[in-house]
**Student:** 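After the structure tokens below, expect a handful of questions from me.
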Amino acid sequence: MHHKKNNLYLKCGCGCIFNFTRKIRILIIVFGALNVDMIMPLSHFPSVGETLKSEHYITRSGGKGSNQAMAAVRAGAKTAIVGKVGDDAFGRRSINNLKSQSVLTTGIGISDKPTGCASIWIDSSGKNMVVVSSGANLDATEDQIPDEILLENNTVLVQMEVPCEETFMLLRRAAEQGTRTIMNASPVTVPIPDDILQLLDYLIINDLEAKQLAKLHKFKTNTLEKIAKEFAKRGQLTCIITLGDKGVLALSPREEYMIAPLDVEVVDSTGAGDCFCGVFAAALEKGYNFTSALKRAVVAAGLSCEGLGAQANMPFEEEIEENLNHISDPTKI
Ligand code: RIB
């Protein structure tokens, strides 16, 4: 560890240098994927063998980790992202985009593989189909995050687009240090080990992922409320299931809440889940209680659907606040 005036320089396992001013003690650390998204709006999704024409395509920064970091920083939380990009134009673009919004990016390492890339189709109702090629994200390792920043006041926010074992190891270290842990188990590829469920504070999934995860865990039920209850019970955690235009269901071992969504004209729902996770983490980090954090995240996720592209439409704190009175508070069920 090197000290210099007010700065604290930390060298992590892969050689990246973190530079945190000592005053930064409240921080969201996102461990996750950085991609560039190639977005093609379509009239409808193609059938197998069909060729469809898209009038235009756009490229935007994406990746669940990167999107969630952007959502958190715009919602007003000091945020760092740790992951890997390739030594290429997509990687530089991803980093610069986050830097321009003050996300701490010095924990991003460089891999020999190309930067991750996602091909995203959007139909006329704003629904999407996504194929991700992970590339450099596959080389992200948990030792890129030094123990020194896994502090009690901080939050570790993870998804499942970087190697799961690395994510699980990071969560174990974070929990040992008392860091708040939030997992967005997206995309669903493997069951979540029991010890990970037990150390998680929050598990966030969408309705489709809830059913996929319940199947992998061999739950006997497939109703969303019972799935959430089962995860909450097994992990003594809070399970939040996002339901798209139906709102959000949130269950802790003791309480159950439902909250309706913000009424918006959906252009593109890509990244709405990421927005929810980033803003929820930011609200907790900023000291809001659970139901207020839920409400802020629901409002933000709605706002993020109003334009094309995931990361570009993450709302700022003021926009979230301006829209808070457009939805009701979460209700107990
Ligand atoms: O959640 C949306 C994200 O998933 C996109 O930005 C894309 O990169 C994929 O990772």
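Just so we're clear, the structure is a prediction, and the values are computed from it rather than from any experiment. Just follow the structure's listing: the first ligand is 1, and inside any ligand the first atom is 1.
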**Student:** Taking non-hydrogen atoms only, is Glu161 closer than 4.0 angstrom to ligand 1 via side chain, backbone, both or neither?
**Tutor:** side chain
**Student:** Do Met160 and Val190 touch side chain to side chain, with heavy atoms closer than 4.5 Å?
**Tutor:** yes
**Student:** Identify whether the distance between the nearest side-chain nitrogen and carboxylate oxygen of Arg92 and Asp87 falls below 4.0 Å.
**Tutor:** yes
**Student:** Does ligand 1 have an atom under 4.0 Å from some heavy atom of Ala33?
**Tutor:** no
**Student:** I'd like to check whether Gly63 has a polar contact with ligand 1, where a contact means an N/O of the residue lying under 3.5 Å from an N/O of the ligand.
**Tutor:** yes
**Student:** Under 4.0 Å from a heavy atom of Asp274: which atoms of ligand 1 are those, numbered in the order shown and with their elements?
**Tutor:** 1 (O), 2 (C), 3 (C)
**Student:** Which heavy-atom pair separates Asn137 from Pro163 by the least distance, and what is that distance?
**Tutor:** O-CD, 3.4 Å
**Student:** Using a strict cut-off of less than 4.0 Å between a Lys/Arg side-chain nitrogen and an Asp/Glu carboxylate oxygen, indicate whether Arg234 and Asp194 qualify as a salt bridge.
**Tutor:** no
**Student:** So with a 6.0 Å cut-off around CG of Asp263, is the heavy-atom count from everything else above 12?
**Tutor:** no
**Student:** Using a 4.0 Å cutoff against the non-hydrogen atoms of Gly62, which atoms of ligand 1 qualify?
**Tutor:** 6 (O), 8 (O)
**Student:** Is it the case that ligand 1 has an N or O less than 3.5 angstrom from some N or O of Thr270?
**Tutor:** no
**Student:** Below 4.5 Å, heavy atoms only, C-beta onward: do Tyr202 and Arg180 meet side chain to side chain?
**Tutor:** yes
**Student:** Which protein non-hydrogen atom lies closest to atom 3 (C) of ligand 1, naming both residue and atom, and how far is it?
**Tutor:** Asn67 ND2, 3.6 Å
**Student:** Can you name the closest pair of heavy atoms from Leu98 and Ser66 and give their distance?
**Tutor:** CD1-OG, 3.5 Å
**Student:** May I ask you to identify the nearest protein heavy atom to atom 8 (O) of ligand 1, giving residue, atom name and distance to one decimal place in Å?
**Tutor:** Asp37 OD1, 2.6 Å
**Student:** What protein heavy atom is closest to atom 4 (O) of ligand 1, reported as residue, atom name and distance in Å?
**Tutor:** Lys64 NZ, 3.3 Å
**Student:** Can you list the atoms of ligand 1 that are under 4.0 Å from a heavy atom of Ala118?
**Tutor:** 7 (C), 8 (O)
